[in-house]
Asker: 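Before we start, here is the structure in question, set down as structure tokens.
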Protein chains: 2
Amino acid sequence: MSEVAALVGDRARAEMLSALVSGRALTAKELAYVAKVTPQTTSEHLSKLVEAGILTFNTQGRFRYFRLASAAVSQMLEGIMTVAASRRVPTFRDPTLARARICYDHLAGQLGVAIADSLIRNGHLLLGPDGGEVTESGETFLAKLGIDVKGSRRRRRAFCRPCLDWSERRYHIAGAIGAAVAERCFEMKWVNRIEESRALHITPAGEKGLLATFGIKRVAAEKVSSHQ
Amino acid sequence: MSEVAALVGDRARAEMLSALVSGRALTAKELAYVAKVTPQTTSEHLSKLVEAGILTFNTQGRFRYFRLASAAVSQMLEGIMTVAASRRVPTFRDPTLARARICYDHLAGQLGVAIADSLIRNGHLLLGPDGGEVTESGETFLAKLGIDVKGSRRRRRAFCRPCLDWSERRYHIAGAIGAAVAERCFEMKWVNRIEESRALHITPAGEKGLLATFGIKRVAAEKVSSHQ
DNA sequence: AAGACAGTTCGGTGCACACCGAAGAGTGCC
DNA sequence: GGCACTCTTCGGTGTGCACCGAACTGTCTT
């Protein structure tokens, strides 16, 4: 256990892993940039992480694209982040990140929690610490958005999993259905990735769509959450 | 994130934390013993872990009893262990640990998985990566064992949660109901804690009871699991 | 074939920190 | 009060390892 934790325990490697929780595959040079170390040092770090089964890569020409090796790794990192965040003063280095961000492959932050809330309020979703489920009305509702719930359900991975949000300290939707919702939001250009970050930008079309679909009024305008 | 992971990343501290995943509260001296370092060194480690919100302690006379600070910490450690175990060759340092052990406050290892399997097979329990639930017939069944399912359900903590077993690579029951089952097994003297370890010993009464109740024939006799 | 660029390997430097011995503070028992 | 015991604080030592510069391999471009 200590070997794995020690790998995550290095500042530079932790920065690289945080960047990869976005689910994207990044090249060694990009990772060097986010970790603020030279390519030589990055290379050492990456080979250790691959050796330990935390990352995998595939080579395309002279580029090497690194990504998290498994969902177990992603879950481990979320676990560490949750403990780390629980200690921190409620000041976020990046308020954009608290507003809307990507968490491996699904939406998180105020936006992720707001979507989950809206679905729950309207009887489309059940979500608790033990797990989650989409109701029949939810299946119909999401179909109108262009999401194939039955298809998601058939996939091997967890279908609907609660994910504890480290900034909001509440649950948002993960699993196949969480990924499907996020994918549709990208496709419809409701949200854009902000370069070099897990943060997301909500487009004007997104503001409209989110209000019309989920009744979400500008997450940006919401006060910093009021719990604890 | 890196600070928290770095704390777990030290060999001695990781040994202490592993010992505490058993859910028991241990004194500084006991932790010094499991970590194989002097009391002075242990004291430093413990104060760092408390400072970081990973451990808490309560003082009783001249003793200080340390325990994990929260369920989030426990979940983080399980996550790290899962990733660490996924890499290891399928040789366990301690086969007793693979057979039956305590995982925070519930049963794990071959025994934990076998109990979950039996309950599922008989329609008493639903358990998947997304969560779990006890059925009506399960409620009746567990009541006969002396477990108050409704009472467990009312508790604030997660009621029935899947926990990925690092030795079996399959799910066993965690959450309030998992803790309740474990507690009853202790009360009925089906299993005993083995000193200084998370491992459990199955008593002769336990062998009988487990066979009669769950149809489990000696987990000790089972072959080392056949996956991967 | 030459140059540009991505990534790796090697060798050396410097710092952070785990560790222990010695000494001190607080508690319990007789 | 005196002694035993648990735990902590302080100071000094040793080492593991992150880091970089320099040099090398491999791929793409022109």
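In what follows, every chain begins at residue 1, and chains take the letters A, B, ... in the order their sequences are listed.
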Asker: I need the minimum non-hydrogen distance between H172(A) and A116(A), along with the two atoms involved.
Answerer: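 Taking H172(A) first and A116(A) second, the nearest heavy atoms are CA-CB, 4.2 Å.
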
Asker: Output yes when at least one side-chain N/O atom of S43(B) is less than 4.0 Å from OP1 or OP2 of dT8(D), else no.
Answerer: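 Looking at the OP1 and OP2 atoms of dT8(D), one of them is under 4.0 Å from a side-chain N or O of S43(B).
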
Asker: Return each pair, listed once, that meets ring-ring contact (aromatic ring centres under 6.0 Å, His included) where at least one residue sits in residues 34-64 of chain B; pairs must be two or more places apart or across chains.
Answerer: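 Passing the test, one end in residues 34-64 of chain B: F57(B)-F66(B).
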
Asker: Using whole Å, what does the distance between atom P of nucleotide dG12(D) and atom CD of E44(B) come to?
Answerer: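 Going from CD in E44(B) over to P in dG12(D) covers 15 Å.
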
Asker: At what distance, to the nearest 0.5 angstrom, does CD of E51(A) lie from CG of L49(A)?
Answerer: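 The CG atom of L49(A) is 10.5 Å from CD of E51(A), to the nearest 0.5 Å.
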
Asker: Are any non-hydrogen side-chain atoms of Q75(B) and T82(A) less than 4.5 angstrom apart?
Answerer: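 Result no, sub-4.5 Å side-chain heavy-atom pair not found.
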
Asker: Between atom CG of L142(A) and atom CZ of R184(A), what is the distance when rounded to the nearest 0.5 Å?
Answerer: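 Separation between the atoms: 11.0 Å.
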
Asker: Anything under 4.0 Å to a heavy atom of chain B counts; send over the first and last such nucleotide of DNA chain C, read 5' to 3'.
Answerer: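 First and last nucleotides in contact are dA18(C) to dG28(C).
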
Asker: Does K36(A) reach a base, just sugar-phosphate, or nothing at all? Heavy atoms under 4.0 Å.
Answerer: nothing

Asker: Tell me: CD of E3(A) to P of dG16(D), nearest whole Å?
Answerer: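 Distance check: E3(A) CD to dG16(D) P gives 15 Å.
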
Asker: Between D10(B) and A28(A), which is nearer to the 5' end of DNA chain C once each is assigned its nearest nucleotide?
Answerer: A28(A)

Asker: Which part of the nucleic acid, if any, lies within reach of T27(B) when heavy atoms closer than 4.0 Å are counted: base, sugar-phosphate only, or nothing?
Answerer: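 If one applies the 4.0 Å heavy-atom cut-off, T27(B) turns out to touch the sugar-phosphate alone, with no base involved.
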
Asker: For F63(B) and dC7(D), give me the distance from atom CZ to atom C1', rounded to whole Å.
Answerer: 11 Å

Asker: With a 4.5 Å cut-off on side-chain heavy atoms, are Y65(B) and T27(B) touching?
Answerer: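 Counting from C-beta outward, T27(B) and Y65(B) do come under 4.5 Å.
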
Asker: Please name the pair of heavy atoms, one in A114(A) and one in I216(A), separated by the smallest distance, quoted to 0.1 Å.
Answerer: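 Smallest interatomic distance, heavy atoms only, reads CB-CD1, 3.7 Å.
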
Asker: Within the 4.0 Å limit for protein heavy atoms, which parts of nucleotides 23-30 of chain D are touched? Write it as a string from 5' to 3', B for base, S for sugar-phosphate only, - for none.
Answerer: ----BS--

Asker: With nearest nucleotide decided by heavy atoms, which residue, T42(B) or H45(A), maps closer to the 5′ end of DNA chain D?
Answerer: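 Looking at DNA chain D, the more 5' nearest nucleotide goes with T42(B).
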
Asker: Tell me the closest heavy-atom pair linking A180(A) and I147(A), and the distance in Å.
Answerer: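 So the minimum-distance heavy-atom pair works out to CB-CG2, 3.9 Å.
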
Asker: Taking CG from N58(B) and C1' from dC7(D), how many angstroms apart are they, rounded to a whole number?
Answerer: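 Going from CG in N58(B) over to C1' in dC7(D) covers 15 Å.
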
Asker: Can you tell me which nucleotide in dC19(D), dT6(D), dT8(D) comes closest to the side chain of F66(B)?
Answerer: dT8(D)

Asker: Does a side-chain heavy-atom distance below 4.5 Å link M16(A) with T42(A)?
Answerer: yes

